[in-house]
Amino acid sequence: MPTDGAVSSSSGLIVSFGEMLIDFVPTVSGVSLAEAPGFLKAPGGAPANVAVAVARLGGKAAFVGKLGEDEFGRMLAGILEENGVSADGINFDQGARTALAFVTLRADGEREFMFYRNPSADMLLRPDELNLELITSAKVFHYGSISLIVEPCRSAHLEAMKAAKEAGALLSYDPNLRLPLWPSPEEAREQIMSIWDKAEVIKVSDVELEFLTGSDKIDDESALSLWHPNLKLLLVTLGEHGCRYYTKSFKGAVDAFRVKTVDTTGAGDAFVGALLCKIVDDQSVIEDEPRLREILKFANACGALSTTKKGAIPALPTESEALALLKRSTIIDKIMSWIFFWFVF
């Protein structure tokens, strides 16, 4: 395993299940949706973002979901293929449109969402439409919680997860909380936790940690209250403060990278994609803290780079871009250490 944070091309297949949609982001940063003078359309949807993140980093990725038989749906399928993601798991719905989401990061730092799903095609995926051959060939099966909100997609999600697990895949879960899509916060919490004990790798944000635990504390005790016996790795992302990690044997933190942030949409997905690329062919790294820290440093770099451009998929970094940031950071750290040494001693 390289020690410089490089991601070697993985041979194991990573399958992402769930929604893919069009994100509309304001042409001007720091405004509310109502104040935005215009919007740029960008492909998004957390599971699809992860699939493209994997492919951009040299991994083998596939996406399973449903799109509308419309211009946006065909465009999204084309974007997956252009990025090297297998579209063999995609279905198209004749009667429902591809989902749309308007998203902004306001000046006060709060993200604002407005969704158009009434219903959208992704909500209508049925269990009998699943490409089970593709799903059971996955070494890692990754999913979120939005596909749990309504039927028939919920049943399709549960069936796909069960098939992947029985075939020996590592189950990776990022709840990706979007409260406006749920009937109530209570329903969101209940359904998110309904499949919690099945996942072996879980990533939550600091906001999701607070929501799921009911605590306003972002600390080890709060995070470990979410631990379950089947879990191998729990990650809490902290935005500009990096991430914390928890395994059965150790825990710790990895710092973030300083970049000029433009749009944070998809940063967590870039992080997850980088992580899964690293562990898909050698899950033993989860039990090796020095190697895991290198992986998380790389994942943090990918997450940081994804915030420097507008949109989710358009901003996902390549391996060379991430390695360049790691190299710059190492050089800066050495210079700062040298300056500190000479001024102190």
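As the structure is a computational prediction, the values presented were derived from the model and not from experiment.
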Would Lys203 and Leu275 count as a side-chain contact (heavy atoms from CB on, under 4.5 Å) if you check the C-alpha gap in whole Å, the side-chain angles of each, and the deciding distance to 0.1 Å? CA-CA 10 Å; Lys203 192 281 289 184; Leu275 168 74; over 6 Å; no
Taking C-beta and beyond as the side chain, do Asp269 and Asp174 meet within less than 4.5 Å on heavy atoms? yes
Looking only at atom types and distance, does a side-chain atom of Ser147 sit under 3.5 Å from a main-chain N or O of Gly18, one as donor and one as acceptor? no
If only atom types and distance count, is the side chain of Ser222 paired as donor or acceptor with the main-chain N or O of Asp219 below 3.5 Å? no
Nearest heavy atoms of Ala61 and Val54, plus distance in Å: CB-CG1, 3.8 Å
I'd like to check Val259 versus Thr307 (side-chain heavy atoms, cut-off strictly below 4.5 Å). Are they in contact? yes
Which pair of non-hydrogen atoms, one from Ser172 and one from Val272, has the smallest distance, and what is that distance? OG-CG1, 4.5 Å
Using side-chain contact (heavy atoms from CB on, under 4.5 Å), reason through Val285 and Leu292 one step at a time and then give a plain yes or no. CA-CA 6 Å; Val285 298; Leu292 179 61; 5.5 Å; no
Would Tyr143 and Tyr173 satisfy ring pair (Phe, Tyr, Trp, His ring centres under 6.0 Å), going step by step from the backbone distance to the final call? CA-CA 5 Å; Tyr143 48 89; Tyr173 187 20; 5.2 Å; yes
Tell me if a side-chain donor or acceptor on Arg154 pairs with a main-chain N or O of Met123 at a distance below 3.5 Å. no
Trp182 and Leu148, any side-chain heavy atoms less than 4.5 Å apart: yes
Sub-3.5 Å donor-acceptor pair from the side chain of His142 to the main-chain atoms of Val50, do we have one? no
Is it the case that the side chain of Glu129 and the backbone of Arg126 share a donor-acceptor pair, with hydrogens and angles ignored and the cut-off at 3.5 Å? yes
If I compare all heavy atoms of Leu40 with all of Lys310, which pair ends up nearest, and what's the gap? CD1-CD, 3.8 Å
Do the ring planes of Phe24 and Phe102 sit parallel (below 30°), tilted (30 to 60°) or perpendicular (above 60°)? parallel
Distance-only, no hydrogens or angles: does the Trp196 side chain make a donor-acceptor pair with backbone N or O of Leu226 under 3.5 Å? yes
Inter-residue atom distance Ile146.CD1 - Arg117.CZ, 0.5 Å rounding: 6.0 Å
Working to the nearest 0.5 angstrom, can you tell me the gap between Leu235 CG and Leu296 CG? 6.0 Å
Return yes if some donor-acceptor pair links the side-chain N/O of His228 with the main-chain N/O of Ala199 below 3.5 Å, else return no. yes
side-chain contact (heavy atoms from CB on, under 4.5 Å) between Arg244 and Asp220, intermediate numbers included: CA-CA 9 Å; Arg244 295 197 62 82; Asp220 291 348; 3.1 Å; yes
State, with a plain yes or no, whether a side-chain heavy atom of Leu13 is found less than 4.5 Å away from one of Lys60. yes
Residue pair Leu158 / Ile195, side-chain heavy-atom distance below 4.5 Å: yes
With a 4.0 Å cut-off, would you call Glu319 and Arg56 a salt bridge? no
Cation-pi geometry met for Arg328 and Phe257 (6.0 Å, 45°): no
Is the side chain of Asp70 donor-acceptor paired with the backbone N or O of Phe72 at a distance under 3.5 Å, no angle test? yes
Rounded to the nearest 0.5 Å, the CG atom of Leu100 sits from the OG atom of Ser120 at a distance of 8.5 Å
Are the side chains of Thr261 and Glu240 in touch, meaning some heavy atoms are under 4.5 Å apart? no
Could you tell me whether the side chain of Arg293 and the main chain of Val254 form a donor-acceptor pair under 3.5 Å? no
Let me confirm one number: the CD-CG distance from Glu112 to Leu33, rounded to the nearest 0.5 Å. 4.0 Å
More than 12 foreign heavy atoms under 6.0 Å from NZ of Lys41: is that the case here? no
How long is the span from the CG atom in Asn176 to the CD atom in Glu208, to the nearest 0.5 Å? 6.5 Å
For the side chain of Asn230 and the backbone of Asp197, is there at least one donor-acceptor N/O pair under 3.5 Å apart? yes
Picking from Thr98, Asp122, Asp93, what satisfies side-chain hydrogen bond (donor to acceptor under 3.5 Å, both in side chains) with Lys66? Asp93
Nearest non-hydrogen partners of Ala156 and Leu125, listed with the distance: CB-O, 3.6 Å
Exercise: identify the closest heavy-atom pair between Ser155 and Glu151: OG-OE1, 2.8 Å
Once you round to the nearest 0.5 Å, how far does NZ of Lys139 lie from CD of Gln283? 8.5 Å
Are side-chain heavy atoms of Thr247 and Glu287 found at a separation under 4.5 Å? no
If every non-hydrogen atom of Ala164 is compared with every non-hydrogen atom of Leu171, which pair is closest and at what distance? CB-CD2, 4.3 Å
Within the 4.5 Å heavy-atom criterion, are Pro26 and Ser32 side-chain neighbours or not? no
For Ile286 and Ile279: C-alpha separation, side-chain torsions, deciding distance, then whether side-chain contact (heavy atoms from CB on, under 4.5 Å) applies. CA-CA 8 Å; Ile286 293 174; Ile279 67 176; 4.2 Å; yes
